[in-house]
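A short worksheet on the structure shown next.
All values reported here derive from a predicted model rather than from experimental measurement.
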Amino acid sequence: MMQNKEKKDPSLEEIQQVVDQEISPMLHGHGGGLTLLKIEDHVLYFRLTGQCCGCPSAWLTTEEVIKGPLLERFPALRDVVVDTDMDNEMVALAKRVLSGDFRAE
């Protein structure tokens with residue numbers, strides 16, 4: 001008789017270690033990054049930051065650079081999903097630009 005054991009979700013700290021070592025260096029090379037948000041029902045949610053936020057290649061980056069490696073490394077996860085809300089950094093920059101308080105250096 002086979003037991004149906006529910007796999008325990010990894011912690012955000014465990015995932016962050018993998019992100020820091022294997023994924024972030026690739027994203028930083030393009031001026032971007034990612035922020036882990038939460039794990040809910042075996043689904044990891046994250047947000048792209050910097051230049052990766054809103055980039056036309058964000059879908060490809062998510063699938064090949066982030067989702068694939070994390071699902072392989074952490075089999076308890078069912079999915080890895082990008083949260084498409086605007087990054088706070090980008091909102092702050094947009095407010096500065098629109099208010100005329102932005103000077104290019």
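Hydrophobic clustering (ILVMFWY, side-chain heavy atoms < 4.5 Å, transitive): Val65 and Val18 are in one cluster. Using a 4.5 Å cut-off between side-chain heavy atoms of Ile, Leu, Val, Met, Phe, Trp and Tyr, with links allowed through other members, Tyr45 and Ile66 fall into different hydrophobic clusters. No chain of hydrophobic side-chain contacts below 4.5 Å, direct or via other Ile, Leu, Val, Met, Phe, Trp or Tyr residues, connects Ile23 to Val43. Using a 4.5 Å cut-off between side-chain heavy atoms of Ile, Leu, Val, Met, Phe, Trp and Tyr, with links allowed through other members, Val82 and Phe74 fall into the same hydrophobic cluster. Linking ILVMFWY residues whenever their side-chain heavy atoms come closer than 4.5 Å, directly or via other members, leaves Leu34 and Val81 in distinct clusters.
One distance of note links NE2 of His42 with CG of Asp79; it measures 12.5 Å at 0.5 Å rounding. To the nearest 0.5 angstrom, Gln21 atom CD is 10.5 Å from Gln16 atom CD. In this structure, Cys52 SG and His28 NE2 are separated by 8.5 Å, a value rounded to the nearest 0.5 Å. In this structure, the separation between OG on Ser57 and CD on Gln51 is 12.0 Å, given to the nearest 0.5 Å.
Residue pairs meeting the salt bridge (charged side-chain N to carboxylate O under 4.0 Å, His left out) criterion with at least one partner in residues 15-39, sequence neighbours excluded, are Glu22-Arg73, Lys38-Glu40.
Here Leu12 pairs with Leu36, Ile39, Leu44 under the side-chain contact (heavy atoms from CB on, under 4.5 Å) rule; sequence neighbours left out.
Residue Ala76 comes nearest to Lys8 through the heavy atom pair CB-O, 3.3 Å, listed as atom of the first residue, atom of the second, then distance. Of all non-hydrogen atoms in Ala58 and Leu48, the two that sit nearest each other are CB-CD1, 3.7 Å. When every heavy atom of Met26 is checked against every heavy atom of His30, the shortest pair comes out as O-CD2, 3.2 Å.
The only member of Leu70, Thr62, Thr35, Val19 that meets side-chain contact (heavy atoms from CB on, under 4.5 Å) when paired with Phe46 is Thr62.
For Arg78 (side chain) and Asp41 (main-chain N/O), a donor-acceptor pair under 3.5 Å exists by modelled atom type.
Under a 4.5 Å side-chain heavy-atom cut-off, the cluster of Ile, Leu, Val, Met, Phe, Trp and Tyr residues that includes Leu60 is completed by Trp59.
Contact annotation: the side chain of Leu77 approaches that of Pro10 to within less than 4.5 Å [non-hydrogen atoms, C-beta and beyond].
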